[in-house]
Amino acid sequence: MKIATYNVNGVNGRLAVLLRWLREAEPDVVVLQELKAPQEKFPETAIRDLGYDAIWHGQKSWNGVAMLSRVGEIHETRRGLPDDPDPAQSRYIEAAVNGILIAGLYLPNGNPRPGPKFDYKLKWFDALIAHAASLFDSGLPVVIAGDFNVMPTEADVYKPERWREDALFAPEVREAFFRLTGQGWTDALRKIHPDETIYTFWDYFRNAYGRNAGLRIDHLLLSPSLTARLVDAQVDRDVRGWDKTSDHAPVWIALSDEKPSRGKKR
DNA sequence: ATGACTACTTTGAGTAGA
C-alpha cells in the first residue's frame, strides 16, 4: 500500500500536474495540502475519473486539505483539530481507509517570527501534539502526514545558518516536532534514508531546484505497527521539475500487507 | 536587509507562501 502527501499549491492551478502525477505514481491514498480553493471548487470529477474517492476541507484563497483513495471507502473521522486555535483555517482532515487511520495536515508557516503568526503556529502545534497523543494511545495503525513547515534537523536544510531565526527552523518549532515524535512516532523518510540529503521543497526563487537548495518539511509519521510494515519511502523529486509545478514534491511510503493474525481469516 | 517567483483575488496591486 502506497500512501503519499503532496502540497499541491493550488489544486486547480496545478491540476494538470496533480493528475499526471497520480497517473504515473499510482498512489493508493494521498493527502493534499494548500488546495487554495473553496469547498465547491474542488476538482472532484477529474480526480474521480482517475479512480479516486475524495474528501476535502476547502477554504477560499488559502490552505485547504484533502484525502484521496483508490483502495476503498474513506471513513472521515474529523476535520479540524480538537481545540483548533482558528477553525476558519482548513488545515486538518482525518479518516480511516483500508484499515489505517490517516491524518492529513497543513501546519501554519509561522513567519514572520516573532509575531502573531508564529504564536499561532506554536498553538496549532500544541493542539496537534495533544490530539496525536490520543491517536497514538489508541493503538491503531496511524499515519500523520502533511506539510509540517518544519525542518527537524540541520540535515534537512540546504543552508542551516541562514534559517536559524526562521519560523520553519526556529528552536521552538523543532522542539515541538521532537515533542511530537517523542510520543513514539517514526519519521518514515528519515528511517529509510538515515544519512541522505533529501528535500521535499525547493522555492521558486533563484533556481533553487536546479541548485538543490531545498528543505525537508513534508513528513509522514508512523505509529509502531505501521513502522513494522514500512518497506520504502521516497520523494518524487522529478515532479518539482515539471512545468507549472508546485514548489513541493510528493513524498510517499510503501507499506507491506498486514500480516494475517492468528485465528483471523483473510 | 531585500528580493527573487507564483497563486489567489469582486483582476490588480495586495496578501501569502517558505
Side-chain angles (χ1 to χ4, degrees), chain A residues 5-19 21 31-43 46 56-66 85-86 88-92 104-122 124-125 145-174 176-177 189 197-219 235 237 239-251:
Chain A
T5 178
Y6 186 21
N7 180 323
V8 284
N9 188 14
V11 73
N12 289 305
R14 315 285 192 194
L15 186 59
V17 168
L18 173 62
L19 297 178
W21 171 71
V31 291
L32 299 174
Q33 303 86 37
E34 279 206 273
L35 304 179
K36 293 185 171 180
Q39 191 67 12
E40 65 275 13
K41 292 278 179 61
F42 184 82
W56 61 96
H57 186 21
Q59 182 186 330
K60 189 179 159 188
S61 306
W62 316 120
N63 310 316
V65 288
D86 181 3
Q89 299 191 27
S90 299
R91 295 182 177 277
Y92 187 87
L105 65 85
Y106 176 45
L107 216 134
N109 175 301
N111 278 308
R113 169 184 177 267
K117 290 191 173 185
F118 188 68
D119 297 340
Y120 173 64
K121 180 177 196 170
L122 295 180
W124 205 95
F125 224 140
D147 177 358
F148 284 70
N149 270 317
V150 181
M151 297 84 89
T153 74
E154 303 208 343
D156 303 315
V157 201
Y158 67 98
K159 204 183 224 186
E161 60 279 11
R162 196 187 187 131
W163 289 84
R164 300 236 180 260
E165 302 303 318
D166 190 277
L168 277 70
F169 196 54
E172 305 95 309
V173 296
R174 294 169 64 192
F177 185 85
L189 196 63
T197 295
I198 185 161
Y199 301 135
T200 67
F201 167 92
W202 298 260
D203 78 29
Y204 292 118
F205 309 146
R206 289 176 307 203
N207 190 31
Y209 180 63
R211 296 183 295 119
N212 197 29
L215 310 172
R216 191 175 75 94
I217 56 178
D218 301 274
H219 308 296
V235 179
R237 193 181 192 289
V239 177
R240 179 59 182 83
W242 295 356
D243 282 343
K244 298 281 285 176
T245 199
S246 171
D247 38 9
H248 296 250
V251 187

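Per chain, numbering begins at 1; letters A, B, ... match sequence-line order.
- Salt bridge annotation for A/Lys60-A/Glu40: absent, with no cationic side-chain nitrogen under 4.0 angstrom from a carboxylate oxygen.
- When atom types are taken as modelled, the side chain of A/Thr5 and the backbone of A/Ala145 share no donor-acceptor pair closer than 3.5 angstrom.
- Rounded to whole Å, the C1' atom of B/dT2 lies 23 Å from the corresponding atom of B/dG12.
- Taking atom C1' in both B/dA13 and B/dA1, the straight-line distance is 23 Å, to the nearest Å.
- Nucleotides B/dT11 and B/dT6 place their C1' atoms 16 Å apart, quoted to the nearest Å.
- Of the residues A/Trp21, A/Trp202, A/Phe201, A/Tyr204, the one that meets the ring pair (Phe, Tyr, Trp, His ring centres under 6.0 Å) test with A/His248 is A/Phe201.
- Counting any heavy atom pair closer than 4.0 Å across all strands shown, A/Asn7 reaches sugar-phosphate atoms only and no base atom.
- Residues meeting the ring pair (Phe, Tyr, Trp, His ring centres under 6.0 Å) test with A/Trp62, sequence neighbours left out: none.
- The nearest heavy atom of DNA chain B to A/Lys244 and to A/Asn109 marks one nucleotide each, and the one closer to the 5' end goes with A/Lys244.
- For B/dT15 and B/dG3, the P atoms lie 14 Å apart once the distance is rounded to whole Å.
- Counting all heavy atoms, side chain and backbone alike, A/Tyr209 lies closest to A/Arg237 at OH-O, 3.0 Å.
- Using a 4.0 Å heavy-atom criterion, one finds that A/Lys41 contacts no nucleic acid atom at all.
- Side-chain N or O atoms of A/Gln59 include none that pairs as donor or acceptor with a backbone N or O of A/Glu34 at under 3.5 Å.
- Among the heavy atoms of the strands, none lies under 4.0 Å from A/Asp166.
- Residue contacts for A/Phe148: at a heavy-atom cut-off of 4.0 Å it reaches no nucleic acid atom on any strand shown.
- With a 6.0 Å cutoff to the six-membered ring centre and a 45° limit on the axis angle, A/Arg174 counts as a cation-pi contact of A/Phe169.
- Nearest heavy-atom pair, A/Arg113 versus A/Pro171, reported as atom, atom and distance to 0.1 Å: NH2-CD, 4.0 Å.
- Of the residues in residues 207-218 of chain A, A/Leu215, A/Ile217 come within less than 4.0 Å of DNA chain B through at least one heavy atom, sorted by number.
- Between A/Tyr6 and A/Val17 the shortest heavy-atom distance is OH-CG1, 3.4 Å.
- Bounding nucleotides for the chain A contact on DNA chain B, 5' to 3', at a heavy-atom distance below 4.0 Å, are B/dG3 to B/dA18.
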